[in-house]
**Student:** 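What follows is a structure written as structure tokens; I'll ask about it next.
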Amino acid sequence: MRKPLIVGNWKMNKTVTESIGLIKEMIDFVQDYEQTEVVICPPFTSLWVARELIQDTNIVLGAQNISYHNEGAYTGEVSARMLQNIGCDYVILGHSERRSYFQESSEDVAKKVRQALNFGIKPIVCVGERLVERETGKAREIVSEEAAAIFEVLNKQEIVNIVFAYEPIWAIGTGKSATPQDASEIIKYIRTLVGNKYDETIAQHIRILYGGSVSPENIKSLMAEPDIDGALVGGASLQALTFSKLVKFQQLQL
Ligand code: 13P
């Protein structure tokens, strides 16, 4: 049985002061709720204070990126060892915003995945197609290429520590979520790819999230799809009450 996982990707939002306020409110809303695993991914500057605040709660810490270098003269980079030391359990890798604005290739993402695993941090690996690719029937091809670069560097023992997130780029920050059926179709496909490369037990074990305009209005129908194991949430994770509704989707009356 895969436990539902809701991840808040704060992107480049919230100062330290604002983060403290948001996290305190979130703790009030979601503490003691055990049915969902909750991860927040604040910006680097807020990780330490976040870690202090969420100690002894059910909220888990994640980061939004890492360097694929170990350490050294890489100005502006943050290493996996630094994130491990601060208490990050997860890191979002290969987000489409990093792939497109910072020219991260699938090979870069694979190197980062390796680096995260070397330090015991679980990567949440994002894959997903652009609108033009969806419209030209290339969604599966793109997702398959992006996933293959990860499979290339991981063996059976390692792949079980990965979470995949299917984030169609056209659905991110647009208010236009994929339909539960469309999201589920690609997520099933990713599960099949994992099964083909590794085995069926691993495919059934791995959690695959959906991301792209997830909100309290659509979370229940998305989570009703047996293959969708949770959500990677941008905008709706920046407001404590809204985020808590996603975490407690089982209780939403719609
Ligand atoms: P939105 O939820 O704001 O569409 O962002 C999705 C996302 O990119 C999460 O990583």
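Keep in mind it's a predicted model, so treat the numbers as computed, not measured. Order of listing sets the numbers, starting from 1, for every ligand and every atom in it.
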**Student:** Do any pairs count as a salt bridge (charged side-chain N to carboxylate O under 4.0 Å, His left out) and have a residue in residues 106-121, sequence neighbours left out, and if so which ones?
**Tutor:** Glu104-Lys112, Arg114-Glu158
**Student:** Can Arg140 be said to sit on top of Tyr189's aromatic six-ring, NZ or CZ under 6.0 Å from centre and within 45° of the ring axis?
**Tutor:** yes
**Student:** Write 'none' if nothing qualifies; otherwise put on separate lines each N/O atom of ligand 1 with a protein N/O atom under 3.5 Å away and their distance to 0.1 Å.
**Tutor:**
{"residue": "ligand 1", "atom": "2 (O)", "partner": "Gly234", "partner atom": "N", "Å": "2.9"}
{"residue": "ligand 1", "atom": "3 (O)", "partner": "Gly235", "partner atom": "N", "Å": "2.8"}
{"residue": "ligand 1", "atom": "4 (O)", "partner": "Gly173", "partner atom": "N", "Å": "2.6"}
{"residue": "ligand 1", "atom": "4 (O)", "partner": "Ser213", "partner atom": "N", "Å": "2.7"}
{"residue": "ligand 1", "atom": "5 (O)", "partner": "Lys11", "partner atom": "NZ", "Å": "3.3"}
{"residue": "ligand 1", "atom": "8 (O)", "partner": "Lys11", "partner atom": "NZ", "Å": "2.8"}
{"residue": "ligand 1", "atom": "8 (O)", "partner": "His95", "partner atom": "NE2", "Å": "2.8"}
{"residue": "ligand 1", "atom": "8 (O)", "partner": "Glu167", "partner atom": "OE1", "Å": "3.4"}
{"residue": "ligand 1", "atom": "10 (O)", "partner": "Asn9", "partner atom": "ND2", "Å": "3.0"}
{"residue": "ligand 1", "atom": "10 (O)", "partner": "His95", "partner atom": "NE2", "Å": "2.9"}
{"residue": "ligand 1", "atom": "10 (O)", "partner": "Glu167", "partner atom": "OE1", "Å": "3.3"}
{"residue": "ligand 1", "atom": "10 (O)", "partner": "Glu167", "partner atom": "OE2", "Å": "2.9"}

**Student:** Starting from the C-alpha separation in whole Å, work towards a yes-or-no answer on side-chain contact (heavy atoms from CB on, under 4.5 Å) for Glu145 and Val127.
**Tutor:** CA-CA 9 Å; Glu145 275 169 20; Val127 297; over 6 Å; no
**Student:** Donor-acceptor pairs are to be reported for all side-chain atoms of residues 227-234 against protein atoms at under 3.5 Å, with residues two or more places apart or in another chain.
**Tutor:**
{"residue": "Asp227", "atom": "OD1", "partner": "Arg191", "partner atom": "NE", "Å": "2.6"}
{"residue": "Asp229", "atom": "OD1", "partner": "Arg2", "partner atom": "NE", "Å": "2.8"}
{"residue": "Asp229", "atom": "OD1", "partner": "Arg2", "partner atom": "NH2", "Å": "3.3"}
{"residue": "Asp229", "atom": "OD2", "partner": "Arg2", "partner atom": "NE", "Å": "3.0"}
{"residue": "Asp229", "atom": "OD2", "partner": "Arg191", "partner atom": "NH2", "Å": "2.8"}
{"residue": "Asp229", "atom": "OD2", "partner": "Ile208", "partner atom": "N", "Å": "2.9"}

**Student:** Which residue pairs pass the salt bridge (charged side-chain N to carboxylate O under 4.0 Å, His left out) test with at least one member in residues 53-67, sequence neighbours excluded?
**Tutor:** none
**Student:** Classify the ring geometry between His69 and Tyr74 as parallel (under 30°), tilted (30 to 60°) or perpendicular (over 60°).
**Tutor:** parallel
